[in-house]
Novice: 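Sharing a structure here in C-alpha cells format.
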Amino acid sequence: MSQSYEVIFENNRKWVESKLADNPDFFHELAKTQTPEYLYIGCSDSRATAEELMGAKPGEVFVHRNIANIVNTLDMSSTAVIQYAVEHLKVKHIIVCGHYNCGGVKAAMTPEDLGLLNPWLRNIRDVYRLHQKELDSISDESQRYDRLVELNVQEQCINVVKMACVQERYILEEYPVVHGWVFDLRTGKIIDLEIDFEKILKDIQKIYNLTSSDWVMSRKTK
C-alpha cells in the first residue's frame with residue numbers, strides 16, 4: 001500500500017480528534033440530518049473543492065460535481081441531485097461554479113476526437129456555437145478561454161432554470177435563486193457573474209414554462 005494512501009487515514013484520524021476536541025457531540029449532531037441552504041454544482045477538478053473555497057462546514061452545502069460543471073437534462077445524476085435538493089432539502093440557492101483553466105472547457109475548444117468524452121464535451125461546444133461571434137472576436141486565446149468558462153456557467157444556469165422543480169418551487173416560495181460563479185485559481189477568489197435569475201426565468205418562460213399555473217396557485221393558497 002502506498003504511503004500517500006495511508007496518509008489519508010491518518011489525516012482522517014486527526015480530523016476526528018480535532019472535531020471531538022472542539023465539540024464532543026459533533027458527529028452525533030452531524031448524523032441527525034442535513035439542512036443545507038446551498039446546492040453547489042461544480043467541476044470535478046481536484047483544485048476547486050466547494051467547501052474549502054466557500055469556507056463551509058459539513059452539512060452546509062449539498063454538492064454535485066462533474067467535468068466542466070455541466071447541467072444536462074439527459075444526465076440523470078445532475079437532474080436527480082437538483083430535484084432532491086429543491087424538493088426535499090429545500091435549498092434556497094443553487095450555485096453553478098466554473099473555474100478558469102478548466103481542462104474540460106479547453107478540451108472542448110480543441111478540434112480532436114476524444115472518444116467517450118465527445119458527447120459530454122459537445123455540451124460545451126454548443127455553448128461556443130451559441131456565442132461564436134463574441135468568442136471569435138477575442139484575439140487573445142487565454143481571454144477567449146476564460147470567457148468561454150463564464151459563458152458555460154451562464155448556459156448551465158439557464159439549464160437549471162429550465163427544470164420544472166425549480167420553476168414550481170420558485171413560484172410557490174420565491175426560492176431557490178440560481179447563481180453563476182467562477183473560481184479564479186490564479187487568485188483564489190470567487191467571482192459572482194451576477195446572473196439575473198428572474199430575467200432568465202421571464203425570458204425563457206414562453207418556451208420552457210413547465211408549470212401549470214392553476215396547479216401552482218392552488219398549492220400556494222394551501
Side-chain angles (χ1 to χ4, degrees), residues 38-54 56 61-86 91 93-138 140-163 166 176 178-197 200 204 208:
Y38 302 93
L39 166 60
Y40 175 98
I41 302 170
C43 181
S44 297
D45 193 294
S46 61
R47 301 165 294 175
T49 57
E51 294 88 350
E52 187 171 8
L53 67 91
M54 294 174 69
V61 186
F62 198 58
V63 177
H64 174 78
R65 298 171 68 188
N66 61 45
I67 294 174
N69 42 274
I70 296 295
V71 177
N72 185 327
T73 53
L74 296 178
D75 171 31
M76 290 295 292
S77 179
S78 60
T79 54
V81 166
I82 293 169
Q83 184 154 350
Y84 183 79
V86 170
V91 296
H93 302 274
I94 300 176
I95 298 159
V96 179
C97 185
H99 66 95
Y100 296 136
N101 295 341
C102 178
V105 173
K106 191 167 188 178
M109 295 177 68
T110 306
E112 182 181 351
D113 183 354
L114 296 170
L116 290 175
L117 280 172
N118 287 336
W120 189 261
L121 296 177
R122 190 174 298 128
N123 295 283
I124 308 170
R125 297 184 198 277
D126 286 342
V127 174
Y128 200 131
R129 176 178 56 81
L130 288 170
H131 300 275
Q132 184 175 359
K133 186 175 180 180
E134 176 188 349
L135 289 165
D136 286 351
S137 70
I138 302 172
D140 184 275
E141 185 177 6
S142 62
Q143 290 179 10
R144 190 185 320 126
Y145 179 14
D146 285 354
R147 183 56 181 153
L148 181 54
V149 167
E150 296 169 353
L151 291 170
N152 182 52
V153 168
Q154 175 182 300
E155 291 300 327
Q156 304 317 314
C157 286
I158 293 172
N159 287 340
V160 174
V161 179
K162 292 175 185 176
M163 294 185 63
V166 175
V178 179
H179 308 271
W181 293 357
V182 172
F183 176 53
D184 190 344
L185 290 164
R186 298 162 296 202
T187 65
K189 294 182 179 180
I190 297 171
I191 299 166
D192 188 345
L193 298 179
E194 299 182 357
I195 299 294
D196 192 334
F197 169 68
I200 291 173
I204 71 171
Y208 295 102

Novice: Flag the pair Leu185 / Tyr100 as yes when at least one side-chain heavy-atom distance between them is below 4.5 Å, and no otherwise.
Specialist: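 No; the side chains remain at least 4.5 Å from each other.
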Novice: Should we count CZ of Phe62 as having more than 12 external heavy atoms under 6.0 Å?
Specialist: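 Result for CZ/Phe62: enclosed.
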Novice: When rounded to the nearest 0.5 angstrom, what is the spacing between CG in Leu148 and CG in Leu135?
Specialist: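 One gets 5.5 Å once the value is rounded to the nearest 0.5 Å.
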Novice: Contact between Met163 and Val86 at the side-chain level, heavy atoms closer than 4.5 Å - yes or no?
Specialist: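 In short, these two side chains do not touch, never coming nearer than 4.5 Å.
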Novice: For a side-chain contact (heavy atoms from CB on, under 4.5 Å) check, start with the C-alpha distance between Ile95 and Val61, then their side-chain angles and the critical distance, and finish with the verdict.
Specialist: CA-CA 10 Å; Ile95 298 159; Val61 186; over 6 Å; no
Novice: Yes or no on salt bridge (Lys or Arg N to Asp or Glu O under 4.0 Å) for Arg144 and Glu141, after CA distance, side-chain angles and deciding distance?
Specialist: CA-CA 5 Å; Arg144 190 185 320 126; Glu141 185 177 6; 5.3 Å; no
Novice: If every non-hydrogen atom of Ile94 is compared with every non-hydrogen atom of Pro176, which pair is closest and at what distance?
Specialist: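 Closest heavy-atom pair between Ile94 and Pro176: CD1-CG, 3.8 Å.
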Novice: For Ala68 and Cys43, which heavy atoms make the closest approach, and how far apart are they?
Specialist: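 Minimum heavy-atom separation between Ala68 and Cys43: N-SG, 3.5 Å.
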Novice: Of all the heavy-atom pairs spanning Gly180 and Val153, show the shortest one and how long it is.
Specialist: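 Closest approach of Gly180 to Val153, heavy atoms only: CA-CG1, 3.6 Å.
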Novice: Work out which heavy atom in Glu150 is nearest to a heavy atom in Val182; give both atom names and the distance.
Specialist: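 Residues Glu150 and Val182, closest heavy atoms: CG-CG2, 4.0 Å.
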Novice: Side chains of Arg186 and Asn101: closer than 4.5 Å at any heavy-atom pair?
Specialist: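 SC-SC contact between Arg186 and Asn101 confirmed.
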Novice: Counting only pairs under 3.5 Å, give me each side-chain donor-acceptor contact of residues 105-116, with atom names and distances, residues two or more places apart or in other chains.
Specialist:
unit_1: Thr110; atom_1: OG1; unit_2: Lys106; atom_2: O; d: 3.0
unit_1: Asp113; atom_1: OD1; unit_2: Gly115; atom_2: N; d: 3.0
unit_1: Asp113; atom_1: OD1; unit_2: Asn118; atom_2: ND2; d: 2.6

Novice: The criterion is ring-ring contact (aromatic ring centres under 6.0 Å, His included); which residues satisfy it with His64, sequence neighbours excluded?
Specialist: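 With sequence neighbours excluded, His64 shows a ring-ring contact (aromatic ring centres under 6.0 Å, His included) to no residue whatsoever.
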Novice: Just by modelled atom types, is the Ala50 backbone N or O under 3.5 Å from a matching donor or acceptor in the Arg65 side chain?
Specialist: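 No, Arg65 side chain to Ala50 backbone: no donor-acceptor pair under 3.5 Å.
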Novice: How long is the gap from CG on Asn69 to CG on Asp45, to the nearest 0.5 Å?
Specialist: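 Rounded to the nearest 0.5 Å, the CG-CG separation comes out at 10.0 Å.
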Novice: Taking C-beta and beyond as the side chain, do Gln154 and Leu193 meet within less than 4.5 Å on heavy atoms?
Specialist: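 When only atoms from C-beta onward are counted, Leu193 and Gln154 do not touch, as no gap falls below 4.5 Å.
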Novice: Please report the shortest heavy-atom distance between Asp75 and Ser78, naming the atom on each side.
Specialist: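 Heavy atoms only, the tightest pair is OD2-OG, 3.0 Å.
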Novice: Decide yes or no for Asp136 and Tyr128: does some side-chain heavy atom of the first lie under 4.5 Å from some side-chain heavy atom of the second?
Specialist: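 With C-beta onward as the side chain, the pair touches.
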Novice: With a 4.5 Å cut-off on side-chain heavy atoms, are Phe183 and Met54 touching?
Specialist: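 No, their side chains stay 4.5 Å or more apart.
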Novice: Can you check whether His179 reaches Ile195 side chain to side chain, under 4.5 Å on heavy atoms?
Specialist: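 A side-chain contact under 4.5 Å is absent here.
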Novice: Verify whether one side chain among Tyr208 and Asn159 offers a donor that lies under 3.5 Å from an acceptor in the other.
Specialist: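 There is no such pair between these side chains.
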Novice: Examine the side chains of Glu155 and Asn152 and answer whether a donor and an acceptor come within less than 3.5 Å of each other.
Specialist: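 No donor-acceptor contact under 3.5 Å links the two side chains.
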Novice: Could you tell me which non-hydrogen atom of Leu39 sits nearest to which non-hydrogen atom of Ala85, and how far apart they are?
Specialist: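 For Leu39 and Ala85, the tightest heavy-atom pair comes out as CD2-CB, 3.8 Å.
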Novice: What I'd like to find out is whether the side chain of Asp126 reaches to under 4.5 Å of the side chain of Arg129, using heavy atoms alone.
Specialist: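 Heavy-atom side-chain distance check passes, below 4.5 Å.
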